[in-house]
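Computed from heavy atoms alone, side chains included, the values below leave out hydrogens, waters and symmetry copies.
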2 protein chains.
Amino acid sequence: MKETLTSISERIGVSPATISRIVNGKADKYRISKETVDKVMAEVNRCKYTPSLLARSLRTNKTSTIGLLLPSAANPFFSHIAESIIKDAYAKGYITITLDNMENEAVQRACLSIMISRKVDGIIAAPCGNDPTPFEEINRTTTPIVLVDRYFEESTLSHVTSNNYKGAFEATSFLIQNGHRHIACIQGDTQSMPNKRRVNGFLAALKESGEEHKAVVAGDAFSVQNGYLETKLILNMNPRPTAIFALSYTILLGVIKAVQDSGLHIPDDISVISFDENISLDYMTPPITRVSQPVEEMGKLASKLLFSSIENNTRKTNKLELVTTIKAGQSIRHI
Amino acid sequence: MKETLTSISERIGVSPATISRIVNGKADKYRISKETVDKVMAEVNRCKYTPSLLARSLRTNKTSTIGLLLPSAANPFFSHIAESIIKDAYAKGYITITLDNMENEAVQRACLSIMISRKVDGIIAAPCGNDPTPFEEINRTTTPIVLVDRYFEESTLSHVTSNNYKGAFEATSFLIQNGHRHIACIQGDTQSMPNKRRVNGFLAALKESGEEHKAVVAGDAFSVQNGYLETKLILNMNPRPTAIFALSYTILLGVIKAVQDSGLHIPDDISVISFDENISLDYMTPPITRVSQPVEEMGKLASKLLFSSIENNTRKTNKLELVTTIKAGQSIRHI
DNA sequence: TGAGACTGTGCAATCGTTTGTTCAAATTTA
DNA sequence: TAAATTTGAACAAACGATTGCACAGTCTCA
């Protein structure tokens, strides 16, 4: 029924040690005779023995497991990152345990603690909140951590993110080039670094343009509802901004809905640009111009950094910013 | 540095056994004195001891881990299921290891084998291919398995799916009610049960309507590309079908793109209805009418079945079909 | 022919928990 | 006061793998 080294050992009269060596491909190294190898392999295959990774991990102090901590596995942005990391890990012989911090720092601490007690070999996280302490402590004393997308200011933790500042700067410049001077920016979680950087990029582009301008920054969450409510308010302003910059896909959806509900049209009545790539943006009417982040590369680089840290047992701090690109739709009017 | 029961034991002079009992809240049951409990708890908190789940699992033969096997973690349909399962598992004190079968049966077998060697307590899978054997064997001998969305015909495995037949039947009836008689259905993976049932529902609705009709069934994959190519062919038919039924969100995206590229319009030139819920469908022009599946409930029920199987150590076969609902958009013309 | 080297394998400790059993001391009962 | 019971906690054996070390037998060489 449940096969172990010992059960096989008793059955074929070869010690567990020898079987272990053969199963792990160390037969040559330990000069085990071909006869023995054949006998063992025959039985191992016959009874479909699979070693207990639990026991192995306990002994070797290596679980071949990484922890992935995300704000929401259902968010398309994070689920793409997750898939790319899960696949990379699989290819390296690692499995991934995914936990959801639910945008809650207490849950997040609990998740980290679970990962530690599971002895993961490394952690990739898109943290919530702005307290790096638990992450830094774990990274320093226990397990390497790489942050992805979200990160902390002035921290020793490695991270991979996109160039949020530049992306927002370029998006805003694009609006300015199209004659927009009165622009509203609807932001997400105000604590998160990507959000801060995007807002800074937005403001800097307007300021540096030299043109006279009016900037509006509103909102406080990466959610459809936030996008909807803030847009409702923005559309009622007098004078009304000529363009809205939504700092995430979810916010954008709220923007679109509010514009539609107000009987207005994009881009005739108001221009729109968004952060985040999503395939459906090409299918909207009009297609939405957006700042596209290289999501898959972010995942791949994060796992690359993490595995390098695991395999060399180092803690070199790497802060990577990947370039964003503007994907043009038809949601911006030239005025 | 690395705290264990033994290290604490040596430091405070209380046996590992007693510490273990206290940490696990069994102090009362074993009548351990308040003094000892206090002393132990003080030290446990001071040095932030967390038990090794590896060692515990090895001893107790329970990992508090479930395996989640999906065709693609990035697919919004599956990522929603994943999130709902991950959260449920977390609430029950379980963690989830997610693996991606990449729609490949060899990879799928490898994933199952990994889960077994990791001694997961249960598995939730949306399998690819149509060979139930590995799943049935594992479910019978080793670890309970519940299938979600995808399942096998005539199998003893439990599954949770939506009422694909009825959903497709209703969608088709809806088209018929709107005067459509010549309808094309673009299917996904032809082996998968949900796809088969949807196609059957589609054909049955047309047949049972009693009207004279013309049915077209095309396609072979749940992908944007498949939707695009088949739509291109369909649009060139003479006479051209008046409606297209896309059997998934991804297929739908391909349909829309092909219609747009052909300079045609939904619903004036061709009506469209789709399977799968996705928030972006409400944001398209026109909003797309679709058969909405209760994704979150599917995840919740699957984990409910699995946990009941784990906790009672039973293998009762449950085959659940959840109702779908038609969410009306404006993508169907009345003719 | 005896010392050393090589071959092939087994022994036993270890990883960090949990848990059935044991046992001394304290307390109660007769 | 001796016997019986209760209290409180330690001992030691698992769980299933890995791995340093030991060792018996064979071979090589002087």
**Student:** Hey, which sits more toward the 5' end of DNA chain C by its nearest nucleotide, A:R59 or B:S52?
**Tutor:** A:R59

**Student:** A:R56 has a side chain; which of C:dA12, D:dA17, C:dT9 sits nearest to it?
**Tutor:** D:dA17

**Student:** Just how far, in rounded Å, is C1' of D:dA10 from OH of B:Y30?
**Tutor:** 14 Å

**Student:** Tell whether A:R21 reaches the base of D:dG20 with its side chain through a donor-acceptor pair below 3.5 angstrom.
**Tutor:** yes

**Student:** Let me know the distance between CG of A:L54 and P of D:dT18, rounded to the nearest Å.
**Tutor:** 12 Å

**Student:** Has A:S15 got a side-chain N or O lying under 4.0 Å from the OP1 or OP2 atom of C:dC11?
**Tutor:** no

**Student:** Ignoring backbone atoms, test whether A:S33 places a side-chain nitrogen or oxygen under 4.0 Å from the OP1 or OP2 oxygen of C:dG8.
**Tutor:** no

**Student:** At less than 4.0 Å, is any side-chain N or O atom of A:K26 found next to OP1 or OP2 of D:dT18? Yes or no.
**Tutor:** no

**Student:** Check A:R150 with A:E103, please: is the shortest side-chain N to carboxylate O separation under 4.0 Å?
**Tutor:** yes

**Student:** At 4.0 Å (heavy atoms only), tell me whether A:S57 reaches a base, stays on the sugar-phosphate, or touches nothing.
**Tutor:** nothing

**Student:** What integer distance in Å separates B:D28:CG from D:dA9:P?
**Tutor:** 13 Å

**Student:** Out of D:dG16, C:dG10, C:dT17, which has the shortest distance to the side chain of A:T4?
**Tutor:** D:dG16

**Student:** Go through the steps for A:K87 and A:E83 under the test salt bridge (Lys or Arg N to Asp or Glu O under 4.0 Å), then give the verdict.
**Tutor:** CA-CA 6 Å; A:K87 284 188 177 173; A:E83 170 162 65; 3.7 Å; yes

